Amino acid sequence: MTAPTITLNNGLEIPQIGLGVFQTSPEDTERIVRYAIDEAGYRHIDGAKVYRNEEAVGRAVRASSIPREELFITTKLWNDDHGRDRALAAIDASLERLGMDYVDLYLVHWPLGDPAELAETWLAMEEILAAGKARSIGVSNHLPEHLETVLGVGTVVPAVNQIELHPNLQQLELRELDAAHGIVTESWSPLGGTARPGDPIRNAILANPVITGIAEAHGRSPAQVIIRWHVQNGLVVIPKTTHEDRAAQNIDVFDFELTETDLAAIAALENGVRVGPHPAEVR
Ligand code: NDP
């Protein structure tokens, strides 16, 4: 099963489902990325410097049977790499760890608080694009004011804004703003994030009776219903798992369709509850 693609504002195609590798050890990353590509049909991996597994992503990609140019690899500029010089050094270091000449998408992971610094970082992202080290550049966790800074200083419109997005936090206004600028919205923590023992919030959406009821009606798992919801909303979605059966299941969502009634029931699950930090609080 491979996922269909969405065309970014620079003409590049991004597979609508990718494998997220946050909170995944290097050993698990190498195993699950290799499985995802070779066995489950993934062509898109969502990584970051701060996940500390770029080397493992690179090893899995090189070991896979799929040529590099058929894969879509994302990594992200971490918070201590803002500013021109650090940003330019950060992409080189990421490429070195990945063992790659380029990434398909390089994202500013968090905007932080300082517009002047963000503007400088974005101009460095444009240099990275021009140098061919990233085939596209984008942002993550950018609120309207951050997008205004980036759009105001730059000549390249971000290809993507990757934000927390799941049935409890549907981000309708930010999605509209992204779309108005030709920016594709990507959903992080699409299944409600990874719960640690005793955590009542993260991952709770998978047990929500509305979701489990729809899942039962379609003969699918709750995760498949939520991933299908992202897909039918035109979002790019990057669920994380270290389990092979779940990796296969999470991309196997292209032979059923949620009804208008299903979509309306999921729309009603919005409650504004975040599972990750609010971008305005990350400094
Ligand atoms: P997700 O919402 O993808 O949820 C992951 C959790 O769901 C894990 O506990 C996983 O368990 C479980 N899970 C996965 N598939 C299934 C399934 N089929 N059935 C039941 N449980 C399942 O969480 P993340 O926070 O990891 O978000 C996904 C990705 O988004 C990240 O990996 C990262 O790439 C990106 N991200 C980006 C951020 C940013 O700031 N830009 C912030 C956070 C995430 P298990 O692994 O044990 O299978």
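Quantities reported herein were computed from a predicted structural model and do not represent experimental measurements. First listed ligand is number 1; within each ligand, the first listed atom is number 1. FYI, the numbering just counts along the sequence from 1.
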At less than 4.0 angstrom from any non-hydrogen atom of Q249, what atoms of ligand 1 do you find? 17 (C), 18 (N)

Among A247, G193, G47, whose heavy atom sits nearest atom 1 (P) of ligand 1? G193

Identity and separation of the nearest protein heavy atom to atom 3 (O) of ligand 1: K240 N, 2.9 Å

Nonpolar side-chain network containing I6, other nodes, edges under 4.5 Å: L8, L12, I14, F72, L105, L107, V160, V184, V236

Scan side-chain atoms only and decide if S65 and D38 contain a donor-acceptor pair under the 3.5 Å cut-off. yes

Pair K76 + D81: basic N to acidic O under 4.0 Å: no

Side chain, backbone, both or neither: the part of N141 lying under 4.0 Å from ligand 1 by heavy atom: side chain

Do H218 and D262 have side-chain atoms, one donor and one acceptor, less than 3.5 Å apart? yes

State whether R220 and D255 are salt-bridged, where the test is any N-O pair (Lys NZ or Arg NE/NH1/NH2 against Asp/Glu carboxylate O) under 4.0 Å. yes

Ligand 1 atoms nearer than 4.0 angstrom to some heavy atom of P190 are 1 (P), 2 (O), 3 (O), 27 (O), 28 (C)

Gap separating the NE2 atom of H278 from the CG atom of L143, nearest 0.5 angstrom: 5.5 Å

Looking only at heavy atoms of P239, does any of them come nearer than 4.0 Å to an atom of ligand 1? yes

Please could you name the atoms of ligand 1 that H109 approaches to less than 4.0 Å, counting only its heavy atoms? 39 (C), 40 (O), 41 (N)

Ligand-residue contact atoms, ligand 1 with L206, heavy atoms, under 4.0 Å: 20 (C), 21 (N)

Tell me which protein heavy atom sits closest to atom 45 (P) of ligand 1, plus the residue, atom name and distance to 0.1 Å. R246 NH1, 3.3 Å

List the steps, then state whether side chain to side chain contact (heavy atoms under 4.5 Å, CB included) holds for L71 with R43. CA-CA 5 Å; L71 298 171; R43 296 292 178 264; 3.8 Å; yes

Test of proximity, T241 against ligand 1: N or O pairs below 3.5 Å: yes

Which protein non-hydrogen atom lies closest to atom 15 (N) of ligand 1, naming both residue and atom, and how far is it? N250 ND2, 3.0 Å

Considering the heavy atoms of A223, write down every atom of ligand 1 situated less than 4.0 Å from one of them. 17 (C), 18 (N), 19 (N)

Return yes when atom CD of E173 has more than 12 non-hydrogen atoms of other residues, nucleotides or ligands closer than 6.0 Å, and no otherwise. no

Minimum-distance protein heavy atom relative to atom 7 (O) of ligand 1: N203 ND2, 3.3 Å

Applying a heavy-atom cut-off of 4.0 Å, say which part of T24 lies close to ligand 1: side chain, backbone, both or neither. neither

Side chain or backbone, does K76 bring an N or O within less than 3.5 Å of an N or O on ligand 1? no

Would you mind telling me if ligand 1 is within reach of the side chain of S140, the backbone, both or neither, using heavy atoms under 4.0 Å? side chain

Of all the atoms in ligand 1, which lie at a distance below 4.0 Å from a heavy atom belonging to I238? 28 (C), 29 (C), 30 (O), 35 (C)

Which of the numbered atoms in ligand 1 are below 4.0 angstrom from a heavy atom of H243? 45 (P), 47 (O), 48 (O)

Flag for D46-Q162: side-chain donor and acceptor within less than 3.5 Å: yes

Check: of I45, L191, L19, I32, min heavy-atom distance to atom 2 (O) of ligand 1 comes from L191

Could you list the atoms of ligand 1 found under 4.0 angstrom from a heavy atom of D46? 33 (C), 34 (O), 35 (C)

Atom 8 (C) of ligand 1: the protein heavy-atom neighbour that sits closest, reported with distance to 0.1 Å: T194 OG1, 3.4 Å

Would you please classify the geometry between the Y51 ring and the F22 ring as parallel, tilted or perpendicular, with 30° and 60° separating the classes? tilted

How far does NZ of K49 sit from OG of S94, to the nearest 0.5 angstrom? 7.0 Å

Just by modelled atom types, is the D104 backbone N or O under 3.5 Å from a matching donor or acceptor in the S136 side chain? yes

Common cluster, I66/Y102, ILVMFWY with side-chain heavy-atom separation under 4.5 Å: no

What protein heavy atom lies closest to atom 31 (C) of ligand 1? Include the residue and the distance to one decimal. F22 CB, 3.4 Å

Taking the non-hydrogen atoms of S221, is any one of them nearer than 4.0 angstrom to ligand 1? no

Winner among S189, G18, G276 once heavy atoms are compared against atom 27 (O) of ligand 1: S189

When rounded to the nearest 0.5 Å, the distance separating CG of L19 from CD1 of I45 is 5.0 Å

What protein heavy atom is closest to atom 33 (C) of ligand 1, reported as residue, atom name and distance in Å? Y51 OH, 3.4 Å

Ion pair present between E244 and R31, side-chain N to carboxylate O less than 4.0 angstrom? yes

Which protein non-hydrogen atom lies closest to atom 43 (C) of ligand 1, naming both residue and atom, and how far is it? W188 CE3, 3.2 Å

